[in-house]
There are 2 protein chains.
Amino acid sequence: MNKRSSGQSAHPPIRRQPDTSTANPRRQARGQRRIDQLLDAADTVFAEIGYERATTNAICAQAEVSPGTLYQFFPNKQAIAEALAARYLERLPETHRVAFDVASAHAPLAELISHVVDPFIALHRQGPGLEALWTGSVISDELIACVEGLKQHIEKSLAALFRARCPRANRAEINRAAATSVQIVNAFLHIAVTGAPKQQRDGTKELKTVLFRYLEPILGE
Amino acid sequence: MNKRSSGQSAHPPIRRQPDTSTANPRRQARGQRRIDQLLDAADTVFAEIGYERATTNAICAQAEVSPGTLYQFFPNKQAIAEALAARYLERLPETHRVAFDVASAHAPLAELISHVVDPFIALHRQGPGLEALWTGSVISDELIACVEGLKQHIEKSLAALFRARCPRANRAEINRAAATSVQIVNAFLHIAVTGAPKQQRDGTKELKTVLFRYLEPILGE
DNA sequence: GAGAAATGCGAGCTTTTATTCGTGAATAAG
DNA sequence: CTTATTCACGAATAAAAGCTCGCATTTCTC
């Protein structure tokens, strides 16, 4: 059954398993372009029907590429989702830096909220698939852990911002407020990112209203 | 290829396709018990791994029943989810009746909130699978439409309650407040229903806090 | 008790979908 | 130009999952 058995005397034609790591030195520019193209396609397909219902063939079709090409760069379907998540992750620090700028800690509450919320909405608007990854990530344990860690991190940054604003406030209450705020933002993300432009604007505004009324008693005006 | 071709002269052994409609007059008590058993199993499995990852075999195993038996009562996997949704739907009017009791319209706001929210949390605690259906229902267009209709209905009932409380409030604002409130409750459902009892209690309390602060400027104390 | 219908079983059929393999063109290195 | 490597293809493979079929058993009706 071994297909290589006929030519044992010659150098065995070792099929090098494709190196899918991002740091492959031999990767050509063309390859990187294909990867981006495939990730874009996956982003679109995931956003449309979710990870589970997305077939590798559908991703290939969307990218106008054959299955063999896809598997040249990704060892399996799960790896596509993880690579896509990684690509989003790269953009996150910038968003994070802008959103949690300490300078805004003492601005009026409404301004502070906008300053934190807007960058995250903008991030989600960059790619339609982020929400699918963020919310319905029953994809792999690693990915779940990654997203969970991310939320924790955001929560901590938010708590730090709150503490900078109100140094003498109750610590437990601040932490709870941060967790709840993240929860609220998540709830409104979908409506604030998808749908008609007017809906998006209204949704965003309403989100900020909810946050303002919730946070005002804790953080003051 | 036709498996029945050998015995054409005899009465064709018509396999009556099993009647899966809920109103089958010939259904025996045993059959109804099996259906409930299968729905319970599906509820458990859906809650654990979600609809997509749930296999019919897993549901059969959970119900300790063979695949043939499952397909005696359900034409396909999708129908299981729909039947489960229908079973929850049956319980909804009662919840609805209790929650939107007009008598509570003029109670203090905190009381009103508890009166509306608690029955819904109780409903979700009855079966772990409701949340999977409610939130991640990328199952079928019908089911999506059904859940969407349900949310609309709840929204309208809530708006009616708000209007009963504040007859002279701005109509558009009331509707918006109802929609937002539903959104907020949804966001907290998971945490208020799953997890450790303490988490559930804390989550529920926090949910009510958010609602209170959001609604207070609109509905008054 | 006898016939008919409902229920129950589980091996296996069918479809779907992830993944591979042989081949060959494009590209980089020497 | 020659050679090694990457990139690309798409039919073929294989595993998974949905679903069926013939037959056995139970229950209902008369």
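Each chain gets a letter, A, B and so on, in the order the sequences are listed, and its residues count up from 1.
The listed nucleotides are dA8(D), dT7(C), dC19(D); the one nearest the side chain of Q72(A) is dA8(D). When distances run from any side-chain atom of Q28(B) to the nucleotides dC7(D), dT7(C), dC9(D), the shortest one goes to dT7(C). Proximity note for S66(B) (side chain, C-beta onward) versus dC9(D), dG10(C), dA8(D): the nearest is dG10(C).
Remark: the Q32(B) side chain and the Q28(B) side chain contain no N/O donor-acceptor pair separated by less than 3.5 Å.
Residue I49(A) contributes atom CD1, which lies 15 Å from atom P of dT16(C) at whole-angstrom precision. If you measure from atom CZ of F74(B) to atom C1' of dG8(C), you get 15 Å, rounded to the nearest angstrom. Between the C1' atom of dC9(D) and the CG atom of L38(A) lies a distance of 13 Å, rounded to the nearest Å. Spacing between atom CZ of R33(A) and atom P of dA26(C) amounts to 14 Å, rounded to whole angstrom units. Separating the CD1 atom of I59(A) from the C1' atom of dA18(C) is a distance of 11 Å, rounded to the nearest angstrom. In this entry the distance linking CZ of R34(A) with P of dT27(C) reads 11 Å, nearest Å. Atom CD in Q78(B) sits about 19 Å away from atom P in dT15(C), given to the nearest Å. Here the P atom of nucleotide dT7(C) and the CG atom of L70(B) are 14 Å apart, to the nearest Å.
Residues meeting the side-chain contact (heavy atoms from CB on, under 4.5 Å) test with R163(B), sequence neighbours left out: A159(B), A160(B), R171(B), I174(B), N175(B). H190(A) meets the ring-ring contact (aromatic ring centres under 6.0 Å, His included) test with no other residue; sequence neighbours excluded. In this view, H115(A) satisfies the ring-ring contact (aromatic ring centres under 6.0 Å, His included) rule with no residue, not counting sequence neighbours.
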Tabulate below the donor-acceptor pairs under 3.5 Å that side-chain atoms of residues 41-48 of chain A make, not counting sequence neighbours, or state none.
| unit_1 | atom_1 | unit_2 | atom_2 | d |
| --- | --- | --- | --- | --- |
| D43(A) | OD1 | Y88(A) | OH | 3.0 |
| D43(A) | OD1 | G129(A) | N | 3.0 |
| D43(A) | OD2 | Y88(A) | OH | 3.1 |
| T44(A) | OG1 | D40(A) | O | 3.1 |

Donor-acceptor contacts, no H, no angles, side chain residues 141-152 of chain B, under 3.5 Å, sequence neighbours left out:
| unit_1 | atom_1 | unit_2 | atom_2 | d |
| --- | --- | --- | --- | --- |
| E142(B) | OE1 | S140(B) | OG | 3.3 |

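For H96(B) and F100(B), the ring centers are positioned less than 6.0 Å apart.
For R30(B) and dA6(C), the shortest distance from a side-chain N or O to OP1 or OP2 is not below 4.0 Å.
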Polar pairs (N or O, both sides) under 3.5 Å between protein and nucleotides 16-18 of chain D?
| unit_1 | atom_1 | unit_2 | atom_2 | d |
| --- | --- | --- | --- | --- |
| dG18(D) | OP1 | A54(B) | O | 3.4 |
| dG18(D) | OP1 | K77(B) | NZ | 3.2 |
| dG18(D) | OP2 | T56(B) | N | 2.7 |
| dG18(D) | OP2 | T56(B) | OG1 | 2.9 |

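Among the heavy atoms of the strands lying under 4.0 Å from G68(B) is at least one base atom, whether or not backbone atoms are also near.
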